[in-house]
There are 2 protein chains.
Amino acid sequence: MQNSPDSPPPTLLERIRSKITSGELEPGNPLSEVSLAQEFDVSRTPIREVLKQLQLEGLIEIRPKVGTFIREPNRREIVELFQLKEVLEGLAAALMARRGPCPELDQLEEIVAASEVSSNAGDTDTYASQVQDFHQTLVDGADNNKLVEQYSRLMNQLAYFRLVRKTLNHPGRAVDSSREHRQILTMIQDKDPFGAETTMRAHVFASTQELLVPQTRTTLSLERDS
Amino acid sequence: MQNSPDSPPPTLLERIRSKITSGELEPGNPLSEVSLAQEFDVSRTPIREVLKQLQLEGLIEIRPKVGTFIREPNRREIVELFQLKEVLEGLAAALMARRGPCPELDQLEEIVAASEVSSNAGDTDTYASQVQDFHQTLVDGADNNKLVEQYSRLMNQLAYFRLVRKTLNHPGRAVDSSREHRQILTMIQDKDPFGAETTMRAHVFASTQELLVPQTRTTLSLERDS
DNA sequence: GACCCTTTTGATGCATGCAACATAGCATCG
DNA sequence: CGATGCTATGTTGCATGCATCAAAAGGGTC
């Protein structure tokens with residue numbers, strides 16, 4: 001009994017999507033309908049429906065009569081997606097601050113406390129997953145289902161996990177990031193929507209800059225190792 | 001030769017979607033696959049693919065083994081969608097202000113000028129379409145394709161056109177709205193991203209309030225008329 | 001008359017087969 | 001030797017048929 005009773009089995013859509021977002025399949029790789037059909041032991045028809053939807057989500061590209069390929073967002077698209085990420089997470093912070101106490105707020109407190117430990121310890125693996133949790137919990141805590149939907153689509157497109165690790169490898173970013181998380185949490189607890197949103201956006205922007213200009217921090221890492 | 005050479009014929013997805021968003025089909029109405037297949041002279045297979053995608057967009061609900069129905073967003077969902085609309089259009093205004101001169105900026109100038117005329121004249125029909133143009137042009141002018149995508153999905157879900165008319169029927173709202181448009185335009189021209197975003201968000205918020213609390217303005221209109 | 005069980009109906013879910021087309025490899029010709 | 005046209009192959013696009021299931025309709029019983 002691996003499954004808890006109320007967790008439905010993942011749909012075909014989710015299973016195929018996770019094959020892509022998990023990085024199991026390289027960008028540019030062709031995705032044959034027949035091979036997917038064999039792999040998941042269904043016919044081509046449901047596979048085709050899934051692929052069409054994944055195309056709509058921007059994860060794959062279906063070139064008619066040619067084939068289906070995993071899409072790799074180019075730099076411009078990544079910038080565009082991060083601009084959206086900034087305002088969506090900013091909105092989440094503001095909504096959560098307005099909302100007041102809720103289960104997600106307690107979770108946030110725990111996550112931030114734990115992440116302060118791991119960031120100071122330099123445990124980037126643990127911290128990376130805590131960063132994920134922080135942002136996801138914040139979006140969930142906004143109590144806006146449509147926001148959750150749009151946000152998850154966005155994160156799927158970014159294949160975010162592939163990128164976060166890179167950022168956090170920049171020494172010093174983890175502790176900075178952790179401090180920013182604490183600030184945001186405090187502002188939410190103080191019911192300061194404007195402050196929470198502004199700080200959140202600055203935080204996302206800073207993380208984005210780390211990602212898009214990786215060289216600067218890498219230079220710093222050399223200093224640390226010496 | 002109705003079609004201009006570079007405008008592709010609307011896809012099946014677009015045709016069926018427009019049947020829903022145009023209000024041609026009432027919410028709650030069943031959408032049979034076979035009847036749609038007959039109407040568009042294709043088989044059920046492509047229809048099914050389209051319906052699955054429309055479900056993902058939130059426009060319809062597919063109840064397995066039962067049927068497909070046009071979804072009507074409830075009040076809570078509408079509030080959620082407008083919260084998103086606020087930040088997305090705010091982002092668009094900020095990006096456009098940062099961007100500087102562009103074709104869309106000139107279009108905006110023309111639209112605002114024309115809408116000032118129609119709003120003062122009380123021509124709500126004309127003004128309603130100009131409002132549409134204003135917001136769409138602003139989003140287009142942000143030069144962020146992902147934003148355009150998310151925004152259009154959002155507007156489809158809102159079936160916005162059905163609602164705008166109601167708002168503008170509130171006497172006085174049109175002129176207020178028009179004045180706000182002018183303010184936003186000026187701030188974009190002045191390259192003031194923060195001001196443009198803030199004003200845009202306030203504008204969207206005000207319009208939303210008009211929609212969700214229709215009674216207030218009706219009361220005010222009595223005062224104004226007296 | 002109300003309730004429950006059975007039947008019927010109509011819808012979707014999926015498998016399969018064929019058609020259409022883009023691409024690559026190869027033979028042919030200049 | 002290079003360019004061009006042809007053919008082979010693999011892919012998607014779509015139509016159709018059957019299986020499956022939910023909900024309504026009907027009949028029987030209490």
Side-chain angles (χ1 to χ4, degrees), chain A residues 3 5-21 24-73 156-157, chain B residues 3 5-21 24-73 156-157:
Chain A
N3 285 352
D6 54 354
S7 76
T11 66
L12 202 62
L13 174 64
E14 292 163 342
R15 292 173 69 188
I16 295 184
R17 178 172 31 211
S18 81
K19 270 184 79 78
I20 300 173
T21 55
E24 182 178 338
L25 268 32
E26 293 289 311
N29 246 336
L31 274 181
S32 165
E33 291 180 2
V34 286
S35 56
L36 282 176
Q38 289 173 355
E39 177 177 349
F40 292 99
D41 202 47
V42 293
S43 103
R44 278 181 49 218
T45 307
I47 297 287
R48 293 197 82 249
E49 290 174 355
V50 166
L51 292 183
K52 277 260 183 153
Q53 296 182 44
L54 290 177
Q55 181 183 38
L56 210 72
E57 295 182 21
L59 283 175
I60 65 178
E61 176 185 1
I62 301 177
R63 295 173 55 187
K65 308 280 189 162
V66 175
T68 305
F69 305 90
I70 300 185
R71 245 182 81 103
E72 174 149 58
N156 282 334
Q157 283 191 63
Chain B
N3 285 351
D6 54 354
S7 75
T11 67
L12 203 62
L13 174 64
E14 291 165 343
R15 292 174 69 189
I16 295 184
R17 186 198 288 136
S18 82
K19 270 184 79 78
I20 300 173
T21 55
E24 182 178 338
L25 269 30
E26 294 288 311
N29 243 337
L31 272 181
S32 165
E33 292 180 1
V34 286
S35 55
L36 282 175
Q38 290 172 356
E39 176 176 350
F40 291 99
D41 201 47
V42 293
S43 102
R44 277 180 50 218
T45 307
I47 297 287
R48 293 196 84 247
E49 289 174 356
V50 166
L51 292 183
K52 277 258 183 154
Q53 297 182 45
L54 289 177
Q55 180 183 40
L56 210 71
E57 294 183 21
L59 282 174
I60 65 178
E61 176 185 1
I62 300 177
R63 296 173 55 188
K65 308 280 189 158
V66 176
T68 304
F69 305 90
I70 299 185
R71 247 182 79 103
E72 172 146 61
N156 282 334
Q157 282 190 64

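All values below were derived from every heavy atom in this structure, side-chain atoms included, with hydrogens, water molecules and symmetry-related copies excluded. As the structure is a computational prediction, the values presented were derived from the model and not from experiment. A, B, ... follow the sequence lines: proteins, then strands. Residue 1 opens every chain.
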Quiz item: About how many Å separate OG1 of A:Thr68 and CG of A:Leu54, when rounded to the nearest 0.5 Å?
Solution: 10.0 Å
Quiz item: Do you know which two heavy atoms are closest between B:Ile62 and B:Gln55, and how far apart they sit?
Solution: N-NE2, 3.4 Å
Quiz item: What are the two closest heavy atoms between A:Leu56 and B:Gln53, and how far apart are they?
Solution: CD1-OE1, 3.5 Å
Between [X] ([atom1]) and [N] ([atom2]), how many Å, whole number?
X	N	atom1	atom2	value
A:Lys52	D:dC14	NZ	C1'	11 Å
A:Glu49	C:dA15	CD	C1'	12 Å
A:Ile60	D:dT12	CD1	P	10 Å
A:Leu54	D:dT12	CG	P	14 Å
B:Glu61	C:dT12	CD	P	13 Å
A:Ile62	C:dA22	CD1	P	16 Å
B:Asn29	C:dA11	CG	P	13 Å
B:Asp41	D:dT16	CG	P	10 Å

Per [X] side chain, nearest of listed nucleotides [options]:
X	options	answer
B:Arg44	D:dT11, C:dG17, C:dT12	C:dT12
A:Ser32	D:dT16, C:dA22, D:dT12	D:dT12
A:Pro46	D:dA15, C:dA11, C:dC14	C:dC14
A:Lys65	C:dT12, D:dC14, C:dA20	C:dA20

Would you mind classifying the nucleic acid contact of [X] as base, sugar-phosphate or nothing, using non-hydrogen atoms under 4.0 angstrom?
X	value
B:Leu31	sugar-phosphate
A:Arg63	sugar-phosphate
B:Leu12	nothing

Practice problem: Could you please spell out the steps behind the salt bridge (charged side-chain N to carboxylate O under 4.0 Å, His left out) verdict for A:Glu61 and A:Arg71? | Solution: CA-CA 6 Å; A:Glu61 176 185 1; A:Arg71 245 182 81 103; 5.0 Å; no
Practice problem: Using a strict 4.0 Å threshold on nitrogen-to-oxygen distance, state whether A:Glu39 and A:Arg15 make a salt bridge. | Solution: no
Quiz item: Under 4.0 Å between a side-chain N/O of B:Ser43 and OP1 or OP2 of D:dC14, yes or no?
Solution: no
Exercise. Would you tell me if any nitrogen or oxygen in the side chain of A:Thr68 comes within less than 4.0 Å of OP1 or OP2 on D:dT12?
Key: yes
Practice problem: Starting from the 5' end of DNA chain D, give me the residue, A:Thr45 or A:Val66, whose nearest nucleotide shows up first. | Solution: A:Val66
Self-check item: Position toward the 5' end of DNA chain C (nearest nucleotide), A:Val42 or A:Pro64
Solution: A:Val42
